[in-house]
Every structure is written in structure tokens, then in C-alpha cells.
Amino acid sequence: MTDVVDVAIIGAGPYGLSLAAHLRRAGVSYRQFGMPMNLWRRHMPRGMYLKSQGFASNLSDPDGTHTLRNFCLETGREYADYGVPVSLETFVEYGEWFQQGRGLEVEEQLVTDVERRSGHFVLTLSNGEPVHTNRVVVAVGVEHFARIPGLLADLPRELCTHSADHDDLSDFDGQEVVVVGAGQSALETAALLHEHGARARLVARTPEVVWNGRPLLPDRPLWKRMREPEAGLGSGLSTWFYSEHPGLFRHLPRPIRIHRARTALGPAGAWWLRSRVEGRLPVHVAHRLDWVKPTDQQVRLGVRTGGGEVREFTADHVIAATGYPPHLSRLPMLSDGLRSQIRTIAGTPRVGRHFESSVPGLYFAGPLVAPSHGPVMRFVYGADYAVRKMTRRLAATAARPVAVGGVGG
């Protein structure tokens with residue numbers, strides 16, 4: 001006989017930890033699997049800062065006590081709702097503080113397989129243990145979705161990696177490094193490489209580098225705040241809509257949702273990063289990769305300019321800071337049979353207002369559901385809306401743990 005837990009949470013980043021806090025508060029039985037804050041610990045470079053403002057970097061806490069502000073007050077760290085960038089170190093330690101303060105037990109095992117059997121789900125853990133559960137929430141973040149463009153994808157790993165592969169860029173001290181991309185990740189990677197002694201250059205196909213302005217403070221006159229509101233994802237009416245109204249976003253026409261989920265809020269660099277890039281390192285905009293060729297321990301890149309000229313760069317290494325486009329096919333833990341039952345939108349799970357997919361009892365949260373609930377799902381700020389919606393549904397339909405006979409389904 002095997003006990004069936006009511007909810008299994010796959011993932012222990014901001015969305016997973018936030019959901020666990022709410023389920024625990026609601027008295028819903030659950031088990032959570034994953035490495036806490038793993039994306040931020042293992043796939044972000046030391047010295048990085050979050051792009052989001054302090055007030056928009058909270059994990060979702062059911063009581064409002066475990067905020068980033070309170071963590072910084074308790075530990076003597078600098079904090080402001082606006083205008084003070086949050087360091088990676090601070091955010092990771094805040095996640096630990098949140099987990100411990102809310103009493104969240106995370107089982108540090110990866111889920112290698114998820115199947116649906118006889119009305120419930122069976123998860124297989126990396127240690128071989130089967131877990132039976134009534135509902136599953138997949139909250140894995142973006143670590144499975146790192147993308148290297150086609151021309152670079154065939155290069156050996158010694159010559160080309162994704163920005164997510166590095167947590168310490170000082171390893172490139174003294175080397176020639178080309179960073180490909182134009183967003184925050186590319187710009188900050190290039191800046192950190194330069195500051196750690198590498199000879200870095202940035203290559204971007206966009207016509208120019210876009211920089212976000214300083215945050216608009218909340219004490220502006222009312223008419224200014226109405227004309228250009230400041231919200232969790234930044235300033236402006238459209239950004240305010242994405243930030244504060246994901247429930248309305250899901251009613252937009254499908255093509256608009258797909259386009260906005262992919263293109264809104266980027267690529268652009270944070271205002272505080274600009275002085276660390278401009279005039280510090282070569283930046284080549286309107287440059288597209290034309291060809292690449294490995295040579296001994298280096299790589300040659302042919303880059304076509306906007307005017308049609310082909311320039312050539314040689315580097316010891318190329319870092320592709322080219323994003324994390326989510327796609328259901330890249331989740332290795334879902335069995336083929338289960339994946340085939342999930343209705344999709346632009347390759348991502350199509351979820352309803354409570355984040356439940358077309359497979360009853362299977363929920364998704366985070367960047368995977370941006371085409372359903374909007375660009376806010378790509379950011380920590382979206383966790384509060386998502387987990388409150390899921391918790392209401394999961395708590396309302398919670399069942400007491402029951403025993404099932406056998407494992408064979």
C-alpha cells in the first residue's frame with residue numbers, strides 16, 4: 001500500500017517556494033522536490049544584480065512577513081523599494097531565509113519521470129523512489145530552456161557556452177571573449193567579463209542597445225502617475241497592464257498573447273548598468289552572425305553588418321546570452337504519453353485561470369505559462385498572482401491522503 005500525497009511541487013525556486021508557503025499555510029499536504037534556488041545559485045554569475053526593483057523581488061508570502069525588505073532589515077543589508085539594485089547574493093540568501101522562516105521542507109531530489117496512472121500521478125525521483133500524488137505543479141523556472149543559436153550550437157563546449165553555464169566569470173581573466181546578445185544578461189555578462197580582466201566584446205543583431213530609464217518614484221503628481229504608472233515590471237501603461245492584470249491578459253486574442261509573451265519588456269539593459277558598458281568595451285550593434293569556424297583552441301566568427309560588410313572576430317570563447325525560450329518538449333521529466341495529452345499554445349502548456357492544464361490535476365507556473373497569463377510570469381513578481389490562484393484551487397479540492405494498492409497502474 002502506498003500513501004498518496006495531495007500535491008507534488010516540482011521545483012524549488014521563487015515560484016515553487018512561494019507555492020509551498022501558501023499550501024503549508026492552507027493545510028494542504030504536499031511534497032516538494034528540487035534544489036532550492038538552483039537557477040540563481042548555479043546558473044547566474046557572481047556579482048550580478050537583479051533587474052527588478054526591490055519591491056518587485058519578493059517571494060509570495062501568505063502573511064506578508066517574509067519580504068525582501070524584512071530580510072534586509074534583519075540582516076543589516078541596504079534596501080529600497082526603488083533605485084537600489086538587489087544583488088544576486090542578497091536574493092539567494094533571502095530565498096534561504098524565506099525557506100527556513102516558513103518551515104519549508106524541500107527534498108533535494110530531481111524528478112526524472114511523471115506519469116498519470118488510474119486517476120493520479122506517479123513521479124520517479126532521481127534516487128529511484130516512486131511518489132504517488134493527486135496533483136502535480138511544475139514550477140521549474142528557465143534552467144531547461146537555455147538556447148544557443150544554430151550557428152553556434154555545433155561548436156564544442158570548450159569554445160561556446162550559454163550565459164547560464166557560468167557562475168564565476170573570473171575564469172576568463174586574460175581571454176578574448178565574444179558575448180552574443182543584446183538583453184540584460186548579455187550586457188551584464190560583458191560588463192562582468194571586462195571587470196574580471198577579460199577582453200570582452202558584445203555582438204548584437206539589434207540596431208541599437210536599449211537602456212531602461214530610472215524608476216519613476218511613487219510620490220509624483222497623480223496625473224503623472226496615471227499617464228505613466230510605475231509597476232512591478234517597469235513604467236508605462238502597457239507594462240502596468242502586464243504587471244497587474246494577468247487575469248485580463250489571458251482574455252486577449254491568442255496571436256496577441258503569443259506575440260506579447262515573446263517580445264514585451266526586452267531586450268534592454270538596466271539603467272544602473274549603462275555606465276559599466278558604454279565606453280568600457282567594444283559594442284557592435286546591427287551585426288548578425290554569418291559563419292563560425294573553430295581553429296585549434298579559438299573560434300573565428302564572420303559577422304555581417306547592417307551595410308552588408310562581413311567582419312571577422314577571433315575569440316578564445318563565445319558566450320551566447322540568447323535567452324530561454326520555453327517549450328514543453330524541453331521538460332525531460334514529463335513522459336511522452338503525458339506530454340501528448342497537454343494542449344499547448346506556442347509550444348507551452350495552455351492553462352486556465354487557476355493554472356491547470358488540459359490534464360486534470362497537472363498545473364504549470366512561471367515562464368512556461370507566459371503565453372497564457374502574460375510576460376509577468378517570466379519574473380519573480382508574477383509568483384504572487386500565480387500561487388494565490390493555484391492555492392485557492394488546490395485547497396478547495398484538497399483530499400485527505402489515501403492509500404492505493406500496488407504501483408503498476
**Student:** Do Asp6 and Thr397 have side-chain heavy atoms sitting under 4.5 Å apart?
**Tutor:** no
**Student:** With side chains defined as the heavy atoms from C-beta onward, is the minimum distance between Glu93 and Arg77 less than 4.5 Å?
**Tutor:**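 Side chain of Glu93 against side chain of Arg77, heavy atoms only: contact under 4.5 Å found.
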**Student:** Check step by step if side chain to side chain contact (heavy atoms under 4.5 Å, CB included) holds for Asp173 and His196.
**Tutor:** CA-CA 6 Å; Asp173 181 15; His196 283 304; 5.7 Å; no
**Student:** Would Phe98 and Phe71 count as a close aromatic pair, with their ring centres under 6.0 Å?
**Tutor:** no
**Student:** For Arg388, look at atom CZ and say whether over 12 heavy atoms of other residues, nucleotides or ligands are found less than 6.0 Å away.
**Tutor:**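 Yes, the 6.0 Å shell around CZ holds more than 12 heavy atoms from other groups.
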**Student:** If the plane angle is over 60° it's perpendicular, under 30° parallel, otherwise tilted; pick one for Phe55 and Tyr381.
**Tutor:** perpendicular
**Student:** Would one find more than 12 heavy atoms of other residues, nucleotides or ligands at under 6.0 Å from atom CG of Asp219?
**Tutor:** yes
**Student:** Just by modelled atom types, is the Phe33 backbone N or O under 3.5 Å from a matching donor or acceptor in the Glu108 side chain?
**Tutor:**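 Here the side-chain-to-backbone pair does not exist.
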**Student:** Using the side chain to side chain contact (heavy atoms under 4.5 Å, CB included) rule, take Arg205 and His287 through it: C-alpha gap first, then chi angles, then the decisive distance, then the call.
**Tutor:** CA-CA 5 Å; Arg205 63 183 182 181; His287 281 52; over 6 Å; no
**Student:** May I ask you to check whether over 12 heavy atoms, not counting those of Arg220, lie within 6.0 Å of atom CZ?
**Tutor:**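 Yes, CZ of Arg220 has more than 12 neighbouring heavy atoms, counting only those of other groups under 6.0 Å.
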**Student:** Might you point out which heavy atoms bring Ala204 and Gly181 nearest each other, and give the distance in Å?
**Tutor:** CB-O, 3.5 Å
**Student:** Could you check whether any side-chain heavy atom of Val318 comes within less than 4.5 Å of a side-chain heavy atom of Val179, counting everything from C-beta outward?
**Tutor:** no
**Student:** Under a 4.5 Å cut-off applied to non-hydrogen side-chain atoms, are Arg102 and Thr65 in contact?
**Tutor:**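 A side-chain contact exists here, since the closest heavy-atom pair is under 4.5 Å.
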**Student:** Could you walk me through whether Gln298 and Thr314 pass the side chain to side chain donor-acceptor pair (under 3.5 Å) check?
**Tutor:** CA-CA 7 Å; Gln298 290 187 312; Thr314 300; 5.5 Å; no
**Student:** May I ask you to check if Arg201 and Phe313 form a cation-pi contact, with NZ or CZ under 6.0 angstrom from the six-membered ring centre and within 45° of the axis?
**Tutor:** yes
**Student:** For the residue pair His66 and Tyr94, is the inter-centroid distance of their aromatic rings smaller than 6.0 Å?
**Tutor:** no
**Student:** Quick one: which of Tyr49, Trp211, Tyr82 gives a ring pair (Phe, Tyr, Trp, His ring centres under 6.0 Å) with Trp272?
**Tutor:**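 Among Tyr49, Trp211, Tyr82, the one that satisfies the ring pair (Phe, Tyr, Trp, His ring centres under 6.0 Å) with Trp272 is Tyr49.
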**Student:** Return yes when atom CD of Glu129 has more than 12 non-hydrogen atoms of other residues, nucleotides or ligands closer than 6.0 Å, and no otherwise.
**Tutor:**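 Buried by this count: over 12 neighbours within 6.0 Å.
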**Student:** Measuring from Ile9:CD1 to Thr133:OG1, what's the distance to the nearest 0.5 Å?
**Tutor:**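 The distance works out to 9.5 Å.
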**Student:** Between Trp40 and Phe91, what is the ring plane arrangement, given parallel below 30°, perpendicular above 60°, and tilted in between?
**Tutor:**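 Answer is perpendicular, since the angle exceeds 60°.
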**Student:** At what distance, to the nearest 0.5 angstrom, does CD of Glu230 lie from OG of Ser243?
**Tutor:**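 With rounding to 0.5 Å, CD (Glu230) is 8.5 Å from OG (Ser243).
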**Student:** Might you point out which heavy atoms bring Trp240 and Pro229 nearest each other, and give the distance in Å?
**Tutor:**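 That would be CB-CG, 3.6 Å.
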**Student:** Could you measure the distance from the CD atom of Gln341 to the CZ atom of Arg116? Nearest 0.5 Å is fine.
**Tutor:**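 Result: 7.5 Å between the selected atoms.
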**Student:** Are Leu125 and Val131 packed together at the side-chain level, in the sense that at least one heavy-atom pair is separated by less than 4.5 angstrom?
**Tutor:** yes
**Student:** Would you say that Leu123 contacts Asp113 through its side chain, given a criterion of any heavy-atom pair below 4.5 Å between the two side chains?
**Tutor:**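 Heavy-atom side-chain distance check fails, nothing below 4.5 Å.
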**Student:** How about His373 and Phe249: are their ring centroids closer than 6.0 Å?
**Tutor:** no
**Student:** Do Met377 and Pro367 have side-chain heavy atoms sitting under 4.5 Å apart?
**Tutor:**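 The answer is no, as the side chains (C-beta and beyond) never meet within the 4.5 Å cut-off.
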**Student:** Which atom pair, heavy atoms only, marks the closest approach of Ile148 to Thr161?
**Tutor:** CD1-C, 4.0 Å
**Student:** Which residue, Arg300, Arg304, Lys293, forms the salt bridge (charged side-chain N to carboxylate O under 4.0 Å, His left out) with Glu312?
**Tutor:** Arg300
**Student:** If you draw a 6.0 Å radius around CZ in Arg225, do more than 12 non-hydrogen atoms from other residues or ligands fall strictly inside?
**Tutor:** yes
**Student:** Should Arg274 and Leu187 count as side-chain neighbours, where that means a heavy-atom distance under 4.5 Å?
**Tutor:** no
**Student:** Centroid separation under 6.0 Å, is that true for the rings of His162 and Tyr324?
**Tutor:**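 Yes.
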